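Remember, it's 1-based here, ligands and their atoms both numbered in the order they're listed. Note that the structure is a prediction, hence the values are computed from the model and not measured. Values below: every heavy atom of this structure, side chains too, minus hydrogens, waters and symmetry copies.
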Amino acid sequence: MPDVGGLFPALLSEPLVHPVTPMAWVLWMAAVGACLGSFANVLAMHWPRRLKWQWNRDVADYLERTPASLGLSEDAPPGWFGRRSRCPHCQTVLGWWQLVPIFSFLMLRGRCHHCGQRISWRYPAVEMVAAVAFAALAMRQSPDWPVLIQALLLFVLLVLSLIDLDEMLLPDDITLPLMWLGIFHACFIEPATLYDRVVGAMVGYLSLWLVFHIFRIATGREGMGHGDFKLMAALGAWLGWQALLPIALLASVAGSVWGISLIVIKRADRQQPIPFGPWIALGGALQVLELNPVTLWLQVLA
Ligand SMILES: [Zn+2]
């Protein structure tokens with residue numbers, strides 16, 4: 001991403017955090033990443049519950065019935081904040097020392113302190129991935145405003161990936177604001193990039209839309225969801241049209257390898273849909289970190 005200039009030049013010339021040493025900055029970002037990874041786990045669990053709750057209400061409203069009379073749950077989902085984290089098995093409220101990312105999982109040896117049930121390895125794995133991604137970001141960037149924006153982008157991509165893995169869904173509530181924020185950022189913070197990024201949003205959406213319809217007409221099946229188009233548009237709005245081909249290539253290769261691996265180890269059959277969003281998000285994240293192997297390869301070819 002180019003340097004942020006424009007709106008707040010005086011403000012932006014002052015770094016947010018003065019690093020004691022570069023190593024301290026990297027470790028600090030890794031710790032921030034681990035905590036945000038933990039928060040991403042919570043969001044990925046709650047967001048689809050809230051969406052389903054809202055859909056139940058919408059369906060009931062449309063049919064002019066109550067959710068209960070349609071056999072749909074009327075229970076409000078838990079709020080975003082104010083509810084202490086609990087063990088999913090025994091519902092015991094977790095103490096602060098059981099909420100420290102990665103370390104509490106290791107200390108508890110992957111089991112609930114209270115009931116002894118296994119805790120999913122996904123929680124520390126996600127925290128670890130976020131910690132590594134944030135550390136990689138810190139290694140490439142000095143502590144300044146652009147890091148904050150790139151970190152936010154990585155965080156949103158992580159949340160979207162987790163929701164898509166669980167639910168085969170990329171919520172419009174996340175993808176569309178992400179795209180518009182990208183255009184907003186281009187307009188007011190990096191006006192020099194505006195053209196590339198507006199074109200990026202258009203081409204991102206339309207290219208996958210086109211692939212989707214060609215595939216549907218040719219095979220009679222739907223190869224991806226509309227959320228994938230919107231995520232690609234959002235990435236185009238943040239990273240410019242130049243980033244789209246490397247992202248799409250990486251997503252296709254990584255997604256295919258993953259899909260074939262699942263079929264080989266017989267956890268999926270050929271007809272079972274595989275979410276594409278996490279692979280687009282992975283491509284986007286690697287692009288932000290300037291670590292997309294496809295981009296590096298294309299640069300060698302050029
Ligand atoms: Zn428990």
Side-chain angles (χ1 to χ4, degrees), residues 27-57 67-68 70-136 151-152 154-171 173-174 227 258 261-262 265-268 272-275 277-279 281-282 285:
L27 289 175
W28 160 254
M29 281 295 278
V32 169
C35 294
L36 283 178
S38 184
F39 185 46
N41 279 322
V42 174
L43 281 182
M45 204 186 331
H46 286 198
W47 204 296
R49 282 189 200 164
R50 289 196 77 87
L51 273 181
K52 284 175 190 167
W53 172 73
Q54 184 62 47
W55 291 339
N56 285 354
R57 283 174 38 135
L70 294 166
L72 301 171
S73 164
E74 252 179 322
D75 298 342
W80 298 116
F81 302 102
R83 189 177 187 271
R84 300 279 303 276
S85 292
R86 291 158 190 268
C87 165
H89 304 290
C90 66
Q91 301 299 323
T92 305
V93 173
L94 303 177
W96 66 268
W97 63 276
Q98 289 162 308
L99 293 172
V100 182
I102 304 168
F103 291 103
S104 56
F105 184 88
L106 297 176
M107 270 185 340
L108 294 164
R109 294 202 191 85
R111 288 179 184 279
C112 170
H113 179 63
H114 191 74
C115 67
Q117 291 271 2
R118 281 204 167 281
I119 304 165
S120 169
W121 58 267
R122 195 174 105 168
Y123 299 113
V126 167
E127 290 159 0
M128 199 69 205
V129 165
V132 169
F134 274 50
L152 181 73
L154 292 179
F155 173 71
V156 174
L157 290 175
L158 179 61
V159 173
L160 281 171
S161 302
L162 294 174
I163 294 176
D164 201 20
L165 279 174
D166 289 343
E167 307 285 339
M168 292 288 295
L169 172 81
L170 295 166
D173 298 1
I174 305 178
W258 171 255
S261 315
L262 280 187
I265 59 171
K266 300 223 174 12
R267 287 190 52 190
Q272 188 178 329
I274 292 161
W279 306 109
L282 176 68

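To the nearest 10 degrees, the Zn ion (ligand 1) sees SG of C87 and SG of C90 at an angle of 110°.
Cation-pi check for R57 over W53 is met; the charged atom lies under 6.0 angstrom from the ring centroid and within 45 degrees of its normal.
For the atom pair NE2 (H114) and NE2 (H89), the distance works out to 13.0 Å, reported to the nearest 0.5 Å.
Among the atoms of C115, an N, O or S atom falls under 2.8 Å from the Zn ion (ligand 1). The distance from the Zn ion (ligand 1) to the nearest N/O/S atom of H113 is not under 2.8 Å. Metal site remark for the Zn ion (ligand 1): C112 contributes an N, O or S atom at a distance under 2.8 Å.
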Exercise. After noting the C-alpha distance and the side-chain angles of R122 and D166, does the key distance pass the salt bridge (Lys or Arg N to Asp or Glu O under 4.0 Å) rule?
Worked result: CA-CA 12 Å; R122 195 174 105 168; D166 289 343; 2.7 Å; yes
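In this structure, the side chain of D164 does not engage the main chain of P275 through any donor-acceptor pair within 3.5 Å.
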